[in-house]
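Below is one structure; the comments refer to it alone.
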There are 2 protein chains.
Amino acid sequence: MDVKTLCLGLLTFGDATGYEIKKAFQDRLSMLYDAGYGSIYPALNKLTTEGLVSCRTMAQSKRPDKKIYSITLDGQIAFLKEMERAPASDKFRSETLATLMFAHLLPASHVSKVIDDLIKSYEDNIEVLSGECDMKQSLSEKFLCGYGIAVKKSAIQYMQDNRHLIEAEALLGEQAAE
Amino acid sequence: MDVKTLCLGLLTFGDATGYEIKKAFQDRLSMLYDAGYGSIYPALNKLTTEGLVSCRTMAQSKRPDKKIYSITLDGQIAFLKEMERAPASDKFRSETLATLMFAHLLPASHVSKVIDDLIKSYEDNIEVLSGECDMKQSLSEKFLCGYGIAVKKSAIQYMQDNRHLIEAEALLGEQAAE
DNA sequence: AACACTTATATCAAATCGATATATATCGGG
DNA sequence: CCCGATATATATCGATTTGATATAAGTGTT
C-alpha cells in the first residue's frame with residue numbers, strides 16, 4: 001500500500017485538491033500514515049495518467065488554479081483490488097528509543113530528559129486525540145482514535161514503571177567512564 | 001537520526017561487517033528501526049569516506065572478502081554529538097489499520113480476517129519477544145523488549161474490545177451496497 | 001540427493017522524506 | 001492599523017530509504 005492507493009481511498013470520500021488530500025492524511029490517517037506534498041503531488045499525477053482519477057482545473061485569480069481530483073470507476077476498482085491484498089506488517093520507528101539503546105554512553109541527565117520529553121509528547125497526543133475522538137463521525141475513525149489513546153497510555157505506563165532500568169544503565173556508564 | 005548514525009552506534013559495541021550490522025539491526029533494534037542492505041552498505045561507504053569508520057578487508061577464499069568496519073575516534077565524537085540532538089517524534093505506520101479506515105467499502109468477512117491476522121501477528125511477536133527478553137544482557141535491551149510486549153498486549157486488548165465498531169461499519173457498508 | 005538456510009558482498013529503480021519556493025488572503029493581538 | 005502567524009494552493013528537488021534482485025558457496029536437515 002503506497003501513497004497512490006491511499007490517495008485513491010481518500011478520494012472515495014469525495015473530490016479534493018492535493019492540498020485537501022494532505023489535510024485528509026492529517027485529519028484521518030496521521031496516526032498511522034503520514035504523507036507530504038513531495039509524495040502526494042507526484043502520486044496524483046501518476047494516478048491521472050493511469051486514468052484512475054480525473055482532474056478538472058478551476059481557475060482562481062490571485063491564487064494557483066485549483067486542481068480538483070475525482071476518483072474514476074477504474075480507480076474504484078483498482079482501489080478495491082488493492083484492499084484485497086494482505087497488508088504489510090506494522091512498522092514503528094522511534095528515534096527516542098533508539099537513543100536509549102545507547103544510554104550507557106550518554107549522561108544520565110540527558111537520558112532522563114529524553115524520557116521525560118517522550119512521555120510529555122505522548123500525553124499531549126492523548127489529550128488531542130481525546131478531544132477529537134468524540135467529534136469523529138465514523139465508527140472506524142473512533143476506533144482508530146481510541147486505539148491511539150490506548151496504546152499511548154500503556155506506553156506511558158510502561159515507561160514510568162521501567163525507566164529506572166535505562167537510567168541505571170546511564171549511571172553505570174558514567175561511572176565506567178571515570 | 002539516519003542509518004549512518006545507527007551504524008556508528010552499533011559499531012560502538014564492537015567491529016562488524018555490513019552483514020553483521022544488518023543482523024545487529026534485527027537483533028537489537030528491529031522493534032524500532034529496521035534497515036536493509038540497500039541503506040547499510042551505502043551508509044558504511046559514506047562513513048568510511050568521512051573518516052568516521054575505518055575498514056580493513058579480510059581475504060576469504062570462496063566467499064566475498066569480509067570488510068570489517070571499526071568506529072574511529074572521530075566517529076565516536078560524531079555519534080555522541082548526534083545523540084545530543086533532540087530525536088524526531090515517533091512514527092507508526094500500519095497498512096492494516098489504514099485498510100480498516102475503508103471498512104465501509106469492504107466485505108465484512110475480509111475486515112474480520114484482517115483484524116484476526118493483525119491480532120495473530122501481535123501475539124506471535126509477543127511470544128518471540130518474551131523468549132528473547134530474559135536472554136538480553138543489557139538493561140536497555142530488556143527495557144525495549146518489555147516495551148514492545150506491553151504496547152502490543154494493550155493493542156490486542158483494545159482490538160478485541162472494540163473490533164465490533166469496525167465490523168459494524170463493514171456490515172453497514174454491505175447493506176448500503178445492496 | 002534435494003532443499004532450505006546462512007554467510008557475504010553489492011546495486012538499482014522506485015518511492016518517500018523534508019526542505020524549499022512562490023503568492024495571496026485572512027485573522028487576531030498589540 | 002500594521003505585523004506576524006496561519007491558511008490556501010501549487011510544485012520541485014536532492015537525499016535517503018525501500019524492496020527486490022544478483023552472485024556464489026558453505027552448512028544443515030530430511
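Every chain is numbered from 1 and lettered A, B, ... according to where its sequence line falls, protein lines coming before strand lines.
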- Message: Please confirm whether the shortest side-chain N or O distance from B/R93 to OP1 or OP2 of C/dC17 is below 4.0 Å.
- Response: yes
- Interatomic spacing from CD1 in A/I149 to CD in A/E127 - rounded to 0.5 Å: 10.5 Å
- Query: Among C/dT16, D/dT10, C/dA10, which nucleotide sits nearest the side chain of A/K67?
  - Reply: D/dT10
- Can you tell me if the side-chain N/O atoms of B/T17 get under 4.0 Å from OP1 or OP2 in C/dT7? no
- Regarding A/R56 and the six-membered ring of A/Y69, is the cationic atom NZ or CZ under 6.0 Å from the ring centre and inside 45° of its axis? no
- Query: So, do B/L97 and A/F143 sit near enough that their side-chain heavy atoms are less than 4.5 Å apart?
  - Reply: yes
- Task: Output yes when B/R163 and B/D116 qualify as a salt bridge under the 4.0 Å nitrogen-oxygen rule, no when they do not.
- Result: yes
- Item | Spacing of B/N45 atom CG relative to D/dA15 atom C1', expressed in whole Å | 16 Å
- Touch class at under 4.0 angstrom, heavy-atom based, for B/K22 against every strand present: nothing
- Query: So which one's nearest nucleotide on DNA chain C is more toward 5', A/Y33 or B/P42?
  - Reply: B/P42
- Task: Answer yes or no: does a side-chain N or O of A/S39 lie under 4.0 Å from OP1 or OP2 of C/dC17?
- Result: yes
- Distance, rounded to the nearest Å, where A/L44 contributes CG and D/dA9 contributes C1': 13 Å
- Query: Picking from D/dA9, D/dT17, C/dA8, which would you name as closest to the side chain of B/K66?
  - Reply: C/dA8
- Query: Which of these nucleotides, C/dA15, C/dT16, D/dT10, is closest to any side-chain atom of A/Y41?
  - Reply: D/dT10
- Query: Under 4.0 angstrom, heavy atoms only, what part of the nucleic acid is B/K4 near: base, sugar-phosphate, or nothing?
  - Reply: nothing
- Message: From CD1 of A/I40 over to P of D/dT10, roughly how many Å is that when rounded to an integer?
- Response: 10 Å
- Query: With respect to the side chain of B/Y19, which nucleotide from D/dG19, C/dT6, C/dT16 is positioned closest?
  - Reply: C/dT6
- Item | B/L29/B/L10 under side-chain contact (heavy atoms from CB on, under 4.5 Å): CA gap, chis, key distance, verdict | CA-CA 10 Å; B/L29 304 175; B/L10 290 171; 4.2 Å; yes
- When you measure from the side chain of A/Y37, which nucleotide among C/dT16, C/dA10, D/dT12 comes out closest? D/dT12
- Task: For A/D34, report the nucleic acid contact type (base, sugar-phosphate, nothing); a contact means any heavy atom under 4.0 Å.
- Result: sugar-phosphate
- Message: From CG of B/L47 over to P of D/dT16, roughly how many Å is that when rounded to an integer?
- Response: 11 Å
- Message: Rounding to an integer number of Å, can you tell me how far A/Q26 CD sits from D/dT8 P?
- Response: 10 Å
- Between D/dT17, D/dA7, C/dT16, which one does the side chain of B/D2 approach most closely? D/dT17
- Query: Does a nitrogen or oxygen in the side chain of B/K46 sit under 4.0 Å from OP1 or OP2 of D/dT16?
  - Reply: yes
- A/M58 CE to D/dT8 P: how many Å, rounded? 16 Å
- Message: What is the distance, to the nearest angstrom, from the CG atom on B/D27 to the P atom on C/dT7?
- Response: 10 Å
- Query: Roughly, in whole Å, what's the span from NZ in B/K91 to P in C/dT16?
  - Reply: 16 Å
- By nearest nucleotide on DNA chain C, pick out whichever of A/G36 and B/G18 is the more 5' one. B/G18
- Hey, does the side chain of A/K23 come within less than 4.0 Å of D/dT8's phosphate (OP1/OP2), counting only N and O? yes
- Task: Using a strict 4.0 Å threshold on nitrogen-to-oxygen distance, state whether A/D117 and A/K113 make a salt bridge.
- Result: yes
